[in-house]
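I have placed the structure first, in the form of structure tokens, so that the comments after it can refer back to it.
Counting starts at 1 for both ligands and their atoms, following the listed order.
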Amino acid sequence: MSEQSQSNLKLENNFQSKFHSNIQSKILSVASFLPSNVVTNFDLEKIMDTTNEWILQRTGISERRWVTGDESTSDLAYSASIKAIENAHIDKKDIDMILLATLSPDHEFPGTACFLQGKLKLSGIPAIDIRQQCSGFIYALSMADLYIKSGRYKNILIVGAEIHSQGLDKSTDGRDVSVLFGDGAGAVILTANEVKNKDTDSHILSTHIHADGQFAKELWLPAPGSAMGREGRITNVHLLEKLQYPRMNGKAVFTHAVRRMIESLDECCNCNNVKLQDIDLFLFHQANLRIVESISQRLELPSSKVFNTVQKFANTTAATIPIGMDYAIQENKLQRGMLVALSTFGSGFTWGSALIRY
Ligand code: ACO
């Protein structure tokens with residue numbers, strides 16, 4: 001029997017024996033990687049018609065990281081993954097699956113998870129791209145959680161990684177979008193953990209994911225794409241119309257983001273019979289500080305319980321939540337045993353939440 005078939009048989013046996021047991025998913029480690037190049041609002045004033053005051057007042061963002069060299073999204077993902085593997089104190093060969101969430105893939109195909117897997121030298125295990133934009137990390141977490149609870153896999157590497165800076169219109173035409181985004185990556189290792197006491201032992205209590213495709217074009221990147229007509233996925237006409245850059249209805253995004261993140265937090269609490277007051281820390285997708293403030297005001301969340309990174313790193317879409325977790329750990333705001341709520345919203349529209357006993 002080949003090594004691969006033996007490994008599949010081992011996984012099948014694992015699946016049969018663990019299904020319906022007390023196996024839950026635990027976040028074993030967290031890590032992030034941010035490019036070192038800091039781009040401030042004052043730097044943007046030099047390349048487009050904008051001001052530090054406008055950006056700060058509308059978004060809360062002061063600076064972001066933008067790569068300067070030829071790095072790709074899988075390079076950032078690799079740096080975050082290596083740190084997460086080190087922090088987990090496991091052999092990378094113990095990883096059973098890779099889930100990578102991104103909207104800025106290395107190439108149209110194959111998926112960026114495959115490029116990451118190649119760099120990690122982890123041939124044979126499944127490597128899957130999640131294309132759910134800002135909600136990608138929570139979608140990946142939800143899938144990984146179910147794979148682990150079913151007994152199918154033991155250790156799953158989940159990564160959110162983005163390089164936006166190479167795909168933004170940095171002229172004044174694109175200023176409403178380009179000031180919002182930064183580059184970065186975050187990674188976690190999710191592992192199977194036998195939970196004896198659900199009130200204290202580390203595990204994911206629940207995840208909730210949603211989408212509403214009728215709003216797909218409120219925040220999107222038209223080209224290249226198979227729907228761009230018979231002349232080709234991207235033509236000179238498309239380039240002249242700047243269809244290779246993201247387009248956003250900012251007001252619609254703002255309104256739906258506030259509504260859906262509140263709804264999905266509510267869903268999380270109801271599902272677990274938990275009150276908002278019981279939650280120790282809230283990590284919202286970091287699109288815009290004003291969105292997080294609006295949610296916090298409506299739900300009367302104390303600012304000490306809401307952790308933000310958008311001021312320094314801007315919106316890194318699929319990476320904001322794992323980056324936030326990593327910095328919250330570094331700043332001692334996220335500690336083992338705490339009850340943590342994650343909530344996100346993004347293009348699609350997509351949204352979701354998770355409740356975690358960290
Ligand atoms: N600098 C200076 N002026 C700008 C800029 C800029 N970067 N961008 C737009 N403006 C101008 C506009 O041209 C407009 O000028 P006009 O009045 O002369 O026409 C003016 O500012 C106001 O524009 P609005 O779009 O009405 O500004 P608004 O107050 O709605 O703020 C913003 C725009 C910040 C994008 C807001 O709609 C928002 O926060 N939306 C949420 C979008 C978001 O967070 N997206 C992140 C990605 S999605 C996600 O992660 C969930």
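Rounding to the nearest 0.5 angstrom, the gap separating the CG atom in L283 from the OG atom in S343 is 10.5 Å.
A donor-acceptor pair shorter than 3.5 Å can be found between the side chains of N249 and E218. Under the 3.5 Å distance criterion, with hydrogens and angles disregarded, a donor-acceptor pair is assigned to the side chains of T102 and E162.
Using 4.0 Å as the threshold, R290 has no heavy atom nearer than that to any atom of ligand 1. Under the 4.0 angstrom criterion for non-hydrogen atoms, H285 is in contact with ligand 1. For I55, the heavy-atom gap to ligand 1 stays at 4.0 angstrom or more. At a 4.0 Å cut-off, at least one heavy atom of C134 sits close enough to ligand 1 to count as contact.
Looking at ligand 1, you'll find an N or O of K251 within less than 3.5 Å of one of its N or O atoms. For ligand 1, the polar-atom distance check finds an N/O of G250 within less than 3.5 Å of one of the ligand's N/O atoms.
Checked against the 6.0 Å centroid criterion, the rings of H210 and F349 do not qualify as a close aromatic pair. When ring centroids are compared, Y327 and F313 come within the 6.0 Å threshold.
When non-hydrogen atoms are compared, ligand 1 lies under 4.0 Å from the backbone of T50 as well as from its side chain. The side chain of M248, and not its backbone, has at least one atom closer than 4.0 Å to an atom of ligand 1 (non-hydrogen atoms only; side chain from C-beta on).
Within a 6.0 Å sphere centred on CG of N197, heavy atoms belonging to other residues, nucleotides or ligands number more than 12.
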